[in-house]
Amino acid sequence: MNPNLPTQSLFKRFSKYLKDFKAAFAVAIVGMIGYASLDAWIFSKLQPIIDESLGSQNYEFLKLAAFFVVPIFILRGVFNFMGTYTLAWIGNRVVMNMRQQLFEKYIHLPVSFHDTHSSGKLISKVIYDTEQVSAAASKALLTLVREGAFVIGLLVVMFYNSWQLSLVFLLIGPVVAVIVSVVSKRFRIVSKNIQKAMGNLTSSVEQALKGHKVVLMFGGQDIEKNRFLEKNNHNRQQNMKLLVTQILSVSSIQVLASIALAFVLYISSLPTMAEQLTPGIFTTVVVCMTMLLKPLKQLTTVNSEFQRGMAACMSIFEVLDEDIERDTGDKRVDKLKGKIELDDVSFTYPDTAKPALQNISFDVDAGKTCALVGRSGSGKSTISSLLTRFYDNQGGEIRLDGLAIDKIKLADLRKQFALVSQNVVLFNDTIANNIAYASENATREEVIEAAKIAHVEEFVSMLPDGYETIIGENGSKLSGGQRQRVAIARAILLDAPILILDEATSALDAESERLIQDALQKLQRNRTSIVIAHRLSTIENADNILVIEQGKILEQGSHTELMREDGAYAQLHKLGFSEGETEQVDVDGKLP
Ligand code: ATP
Ligand code: MG
């Protein structure tokens, strides 16, 4: 979205959120105008009370007033409720809708968006920016309509009493307008800065919390403390700037009003005017003018609220305008057999120069296992990300069962994969729910069955709450290996035709790895598998092994073939052996 977009088009877009609330708005406006008119009407009674009642010692009018005053204030309360409650109701609805929209957007945006946007800032948009918009929706309108109507009402009363004195007040009107417009520009700039500052603030809190252990370990408290202090202070400064602008604008308007009042007092003292003026008229005009100050002041701050809301709207619309994952496919598929073909595939990550993959071609027949090995950063995980279309390949074609993957409906495509990725992601929920995350219809028995295969059962049976144990944020109450096993169980339960195991067993000891390896081999029998592993012992049985080096396929073949070739794989294999004693013993027996 264009950051210099005029307020009108922002507001126009924002008003779409209000269009469902027309009836509520009508109620609110009736309430607000009723409230303001009643107030103005009360002031219009000042003159008769002073001149006709007190001045001529006729107390009938006062008696009448005594009877009416309570019902009038009850009515005023009703109007107030109509206006304030209804507006708050609309405002909260708008906040809720925007939050929902943002959240839904976040979960549909492509991986590349989240690569480049800090989650702290995105959270701040949902929490803080939407609130700012609500302030524009309800508070601004409340002041605008109610105080606006009150100002008009007071002006009417004043003019009715003495148009000459009231004219003075009109002279300062244009000056007030100029001040308001200057102030509003400044407000919008400062408001935008505040939003950014809030985003930065949440980001640093989030980072420090997520990386709490790293902070503790490396003694990074001072660095983090100062970094936060800087952002915290910046946020405070921006808020103070907003406040200063607000105070200055309020004060200058009050000074202007006092000038008008000075004129009124002076004119009243002139002999021609003094003849026309009764005590009632004079009091009414002066009281009305003084009363005008408060709504006028509020009318200028309303603009700050409004500008703040619009700045927040902009920050929200920016995200809402982002393209969600492109679902180019319209082909619905149910369950594929799982033949994978990569045909001359190349890929470069957004905003990077070096291609992550170049001219990758290989096939995996349905039911076969393909292993990817290679140095760290060679591009193995990238291949898995392209298969699941977390990113779109820029060159070549990827096919599943002969269908180009970008022709398959995205949701259907992803259903074909069970992915255990390098970074296991678990939810702060029970173990059972984590295992069943993608399989809504799984029965309890099926969940436990999968858990048994993945050797989750072993540690779950020792937990007091068993499968109902809540595992903490991202499974922080589990060990690394336990987390991996839960993730494997989830993939097993999914029963998808293609299994991708990206370093799925890296956090397991040799013993549990072998157990899981057995289980996985059973699973792999009737499904296509792509196994990425650093420990070469785990992939020796693969039908095909690809050695990836700097985004290219260096060699491929079965374990025996590659060993015979005595190339890069054999080299890696030799290195792999020297890593751990247990592994050495384990693999030694299998050496040719
Ligand atoms: P490892 O064995 O360490 O997991 P890998 O073979 O899986 O390594 P990839 O994750 O595929 O390596 O990364 C390949 C290259 O792409 C690396 O040079 C990496 O820096 C780069 N890369 C990975 N993810 C991104 C990203 N989101 N944005 C930009 N570059 C990336
Ligand atoms: Mg990787």
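Numbering of residues begins at 1 and proceeds along the displayed sequence. Counting starts at 1 for both ligands and their atoms, in listed order. Quick caveat, the model's predicted, so the values are computed rather than measured.
- Here the heavy atom of the protein found nearest to atom 27 (N) of ligand 1 is D115 OD2, 3.1 Å.
- Atom 9 (P) of ligand 1 has its closest protein heavy atom at T382 OG1, 3.4 Å.
- Proximity of D321 to E318: side-chain heavy atoms (C-beta onward) are nowhere separated by under 4.5 Å.
- When side chains are defined from C-beta on, K409 does not count as touching L413, because their heavy atoms never get closer than 4.5 Å.
- Backbone or side-chain N, O or S atoms of S376 do not reach the Mg ion (ligand 2) at under 2.8 Å.
- For G374, the closest heavy-atom approach to ligand 1 does not fall below 4.0 Å.
- Of the listed options A356, S421, S381, S378, S381 places a heavy atom closest to atom 10 (O) of ligand 1.
- For the pair R485 and F459, the cation-pi criterion (under 6.0 Å, within 45° of the ring axis) is not fulfilled.
- Note on R332 versus D412: salt bridge recorded, some NZ/NE/NH1/NH2 to OD/OE distance being below 4.0 Å.
- Because the distance cut-off is set at 2.8 Å, T382 fails to qualify as a neighbour of the Mg ion (ligand 2), as none of its N, O or S atoms comes that close.
- Atom 31 (C) of ligand 1 lies below 4.0 Å from at least one non-hydrogen atom of the protein.
- If you put the vertex on the Mg ion (ligand 2), OG of S381 and OE1 of Q422 sit 90° apart, to the nearest 10°.
- For the pair S421 (side chain) and V424 (backbone), a donor-acceptor distance under 3.5 Å is absent.
- With hydrogens and angles disregarded, no donor-acceptor distance shorter than 3.5 Å links the side chain of N235 to the backbone of K231.
- Closest protein heavy atom to atom 16 (O) of ligand 1: Y349 CE1, 3.3 Å.
- With K105 contributing its side chain and E322 its backbone, the two residues share a donor-acceptor pair below 3.5 Å.
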Run V420 and D502 through side-chain contact (heavy atoms from CB on, under 4.5 Å) and show every step you take.
CA-CA 6 Å; V420 182; D502 193 347; over 6 Å; no

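- The single protein non-hydrogen atom nearest to atom 4 (O) of ligand 1 is Q422 NE2, 2.5 Å, given as residue, atom name and distance.
- Protein heavy atoms are found inside the 4.0 Å sphere centred on atom 22 (N) of ligand 1.
- Where the criterion is an N or O separation shorter than 3.5 Å, residue side chain and backbone included, P350 fails it with respect to ligand 1.
- Looking only at heavy atoms of the protein, atom 15 (C) of ligand 1 is closest to G377 O, 3.7 Å.
- Inter-residue side-chain proximity for L102 and L320 is flagged as met; some heavy-atom pair is nearer than 4.5 Å.
- In terms of polar-atom proximity, K380 is counted as a contact of ligand 1, with an N or O under 3.5 Å from an N or O of the ligand.
- Counting heavy atoms from C-beta on, the side chains of K354 and T348 never come closer than 4.5 Å.
- At the top of the distance list for atom 3 (O) of ligand 1, counting protein heavy atoms only, stands S376 OG, 2.6 Å.
- For Y391, every heavy-atom contact with ligand 1 shorter than 4.0 Å involves the side chain, none the backbone.
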